[in-house]
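Sequence lines set the chain letters: A, B, ... in the order given, protein chains first and strands last, and positions in each chain run from 1.
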Amino acid sequence: MARHEVVVVGAGLAGQRAALAAVEAGRDVAIVSKLHPLRSHSGAAQGGINAAVGAEDSVETHIFDTVKGSDYLGDQDAIEFFCREAGPTVVEMEHFGTIFSRAPDGSLARRPFGGAHFPRTIYAADRTGLALLQALWERLGSERFTLYEEWDLTNVVVRDGRVQGIVAFDRQKGDFAEIAASAVVLATGPSGRIYAHTTNAHSCTGDGVAAAYAAGAALKDMEFVQFHPTALLESSILITEGARGEGGVLTNASGEKFMVRYAPHVKDLASRDVVSRAIVTEVQEGRGFTGPYGPYVHLELMALGRERIESRLQEICDFARRFAGIDPVTQPIPIYPAQHYMMGGIGTNARGETSVAGLFAAGEAACVSIHGANRLGGNSLLETLVFGKQAGLAAAAYAEGAPAPAMRATDLEEATAPLRRWSSRTDGEDPSALRAELQATMERYAGIYRNEADLMEGIRRVRALKARFERVRVVDRSSVYNLNLTDALETGHMIELAETIVVGAYARTESRGAHARTDFPARDDARWMQHTIARRTPEGPNLSYAPVGYTRWAPTERVY
Amino acid sequence: MADATVSVPLDVYRYQPAVDHEPRYQRYTLDLAPHTPVLTALLKVRAELDPTLALRYSCRSAICGSCAMQINAKSRLACETPVGPEVASHGRIVVEPMRNQGVVRDLVVDQTPFWRQYARIEPHLKLDPAQPMPADRPNPMTPEEVERFHDTPRCIACAACFSACPAVEADPAFPGPMALAKLYRFVVDPRDHGRQDRLVRIQTEGLWLCLRCHLCTDSCPKNVRPSERIRDLKEMAIRVQGPTERGSRHAVGFKENIRTGGTLHELKLVRQTFGLAGTAGQVGQGLRIWRKKPEIVKRPRPIEGREELESIYAALDEEDGAR
């Protein structure tokens, strides 16, 4: 049995940063990832990373913007820590070798982003995630650690109230294996594939969040799902908020720049939840376009001119040309909101500690919470690095004092017996079909606008899928790169998480940030300024509530 | 954007080395809009026709580098290759794993050799302890310095270039286009203190094995243009160390050779490349060439208008000096 002091699951920015911190603390570290680290979804982040380094800007303003953006559900103490770490984090990544875009004076270039008072988003053209991912992997690559590449997480093993290790599936070898660990950091990123239309990669199936939930860890604020306003029609490929930061505008079917009616002060650079709802409202009130791939509005970049589009928005320019046959230099880009980010996740504090001893989480898989009910653009890349490091440090410190992990020979058998049955069935449910039904269900019943009847129906349908998943069948009998088995694992994870989203959304009878209830359109601070905590029971998620970390910023009405 | 569908015959390479005697091609036929990416077609095959098909994929937006494969014999990303033009020009779409990497299953290849070459060029900033990074602030770097990276920061390590490269196939000592483009990225980085060492080392570690066929640049989905950066590395290496290697002596010899007579004096180039002792070792090869091409031993007659040539060289030297 393999054994390490710290096992990090996920090798995007949060996982790599956690691993680097634990390695530097002298621990024996392993990284387990279903993708080669350079193929992680962090690399798809486009727009930038926030740090208040400009002369006119301040950490205080960054804190306030983030608190307001969260619609007062973010923990203010954690947000203060987060924003103070921003400057040093960006400097560190520059020292690691990140190739940022630069201003003429040689300083880091900055662009305006939604919900921010000042241009605060530091970037590398429109591939900031890729630039950071390359630099961090290059930095981490000169350290000693073990990489388990293309391994799918199946279980976190918890006994005696603490983590003992993990069980995972080695794709290339085609077998399950256990890895004993004193501390486990889950940094498995997004779960956006729960929705039919998402900017997320196919690999974003919430494996770590689901494994933590199954192991008894508390999930937090799962009902808060961010829809990015500008996803390319049909493919839902992300068009960065940086496009509007550089001066792009949204227009409806009459050519009207409609955001002025929804956010008179900052217009197209309002917070993402605000802009996404505005687009849906335009369409619902008959002012959008319709086409074979559904309704849409236009994102116009033409006024920026060819030079600026092709230098600062190089990737999305390529995307629009290749994936939509649109040249943004001369034509508007057809866009519609799509699922983009999960504010919720494994509940942690600012040290990455979860409700289970020895289990840590960071990045999109975690919920600290700094994003509250709505995340600001440019804050998630920062989150991966700030809290990835914290989780790595905390895991390293925990592992140093923890007793040796007590994995048993039977742990592997117990964890994988149900999974092995999937392959021995002669009849049963197709995981791909279940996944497609789940995605359509969540899109229809737990999307941008929600109401009681829809959410009730969503719960009913997700539970029906959960029951059918009991009979899931894997038809591929090969032991090598069996993606049919991976499909089933991921689909099971997504169904569990979907249930926490619809149940949490049904219970929360208010509108806050990305959670918009048409039957409860107002924010209700007296009753709902609190985090939703979901714990797994055989009957479904058990909900409880926890107070929001509050320091200085009294909730006020959120206007952009 | 609504297209009528076309019938798309996909001939997909299927192979499990531990089980199958040899690879086979399986035909799947789908009706798809012409702009549908090949990846979407393959995922439709997996979801609706055959869940046993194995391939790597993730982002579906040309940024994770997972889905490089051979599509009608060209190494490309499946996620950004539309089916319509492929069917129009080939009548079908043959989908095969990348080359120069062993097959794990179907379209999934073993990327170990690719990553080994990447690691070989020491892909991390080399620091000089005597010149630490500025405390608490970023290094300054001008937009012009950023320009010097060209498009190398766009590399997504998809290995399409590694698959397309004949030098990789011919010689495991060749690091391959991606690794060399990555090396270039560090050589031009003003923060890196390994520039001189990197250039000297790569002269003897494969730089001159590049055949200058430009298939890497042709296959790169992100316009990294590895062959141009390899050319830059060669120029920089000669400038740093002089023509110490056979490859660099050949390049410099070629240039001087043409300057003298306006046409290639092949025997002289052999001497320039291999040196006197080395030339002796080339006698057998020389004889074989001489039998087919006896004029090789004659000194070529200087071409007309050599004066013009000299002004071209002068201009080139001036440009070189300006760098």
Qualifying residue for side-chain contact (heavy atoms from CB on, under 4.5 Å) with A:Ser203, from A:Arg39, A:Arg193, A:Lys34: A:Lys34

Side chain, backbone, both or neither of A:Ala131 within contact of chain B (heavy atoms, under 4.5 Å): neither

Closest-packed option against chain B by number of heavy-atom pairs under 4.5 Å, given A:Gln172, A:Glu138, A:Glu92: A:Glu138

Residue, of A:Leu130, A:Asp105, A:Val90, that accumulates the most heavy atom pairs under 4.5 Å with chain B: A:Leu130

Option that, when pairs with chain A are counted at under 4.5 Å, heavy atom only, ranks first among B:Ala119, B:Cys155, B:Ala18: B:Cys155

Interface moiety of A:Ala103 toward chain B, non-hydrogen atoms closer than 4.5 Å: backbone

Residue among B:Glu122, B:Lys182, B:His124, B:Glu80 with most heavy-atom pairs under 4.5 Å to chain A: B:Glu80

Per-residue contact mode, B:Asp110 against chain A (heavy atom under 4.5 angstrom): neither

Side chain / backbone / both / neither for B:Pro134 at chain A, heavy atoms under 4.5 Å: both

Contact class of A:Tyr481 relative to chain B, heavy atoms under 4.5 angstrom: both

Check: B:Gln16/A:Ser478 side-chain N/O donor and acceptor closer than 3.5 Å: yes

B:Val146 portion near chain A, given a 4.5 angstrom heavy-atom threshold: side chain

Which atom of A:Leu13 lies closest to which atom of A:Ser42, heavy atoms considered: N-OG, 3.0 Å

Among A:Leu485, A:Leu483, A:Thr205, the one residue meeting side-chain contact (heavy atoms from CB on, under 4.5 Å) with A:Glu490: A:Thr205

Most contacts with chain A, counted as non-hydrogen pairs under 4.5 angstrom, among B:Pro140, B:Pro138, B:Cys59: B:Pro138

Criterion side-chain contact (heavy atoms from CB on, under 4.5 Å) on A:His197 and A:Tyr336, from CA distance to verdict: CA-CA 10 Å; A:His197 290 101; A:Tyr336 197 71; over 6 Å; no

Side chain, backbone, both or neither of B:Arg154 within contact of chain A (heavy atoms, under 4.5 Å): both

side-chain hydrogen bond (donor to acceptor under 3.5 Å, both in side chains) assessment of B:Arg14 paired with B:Thr52: CA-CA 10 Å; B:Arg14 305 298 308 270; B:Thr52 70; 3.0 Å; yes

Selection from A:Ser235, A:Ser101, A:Ser479, A:Ala125 maximising heavy-atom pairs under 4.5 Å formed with chain B: A:Ser235

Best-contacting candidate, B:Lys222, B:Arg191, B:Met133, against chain A by heavy atom pairs under 4.5 angstrom: B:Arg191

Minimal non-hydrogen separation, B:Val224 against B:Thr152, with atom names: CG1-CA, 4.0 Å

Among A:Val480, A:Leu108, A:Val475, residue most engaged with chain B (heavy-atom pairs, under 4.5 Å): A:Val480

Contacting region of B:Glu145 [heavy-atom separation from chain A under 4.5 Å]: neither

Top contributor to chain A contacts, counting heavy-atom pairs under 4.5 Å, from B:Asn223, B:Val108, B:Asp136, B:Thr142: B:Val108

Greatest number of heavy atom pairs closer than 4.5 Å to chain B - which of A:His41, A:His36, A:Gln134: A:His36

Contact summary for B:Met98 and B:Val109, nearest pair of heavy atoms: O-CG1, 3.7 Å

Salt bridge B:Asp189-B:Arg148, side-chain N to carboxylate O under 4.0 Å: no

Most contacts with chain B, counted as non-hydrogen pairs under 4.5 angstrom, among A:Val91, A:Ile99, A:Ile237: A:Ile99

Sub-4.5 Å side-chain heavy-atom contact between B:Asp50 and B:Gln26: yes

Side chain / backbone / both / neither for B:Leu43 at chain A, heavy atoms under 4.5 Å: side chain

Distance-only donor-acceptor check, side chains B:Asn72 and B:Glu86, under 3.5 Å: yes

Contacting region of A:Thr98 [heavy-atom separation from chain B under 4.5 Å]: backbone

Verdict with reasoning, B:Asn139 to A:Glu94, per side-chain hydrogen bond (donor to acceptor under 3.5 Å, both in side chains): CA-CA 7 Å; B:Asn139 293 282; A:Glu94 197 280 331; 2.9 Å; yes

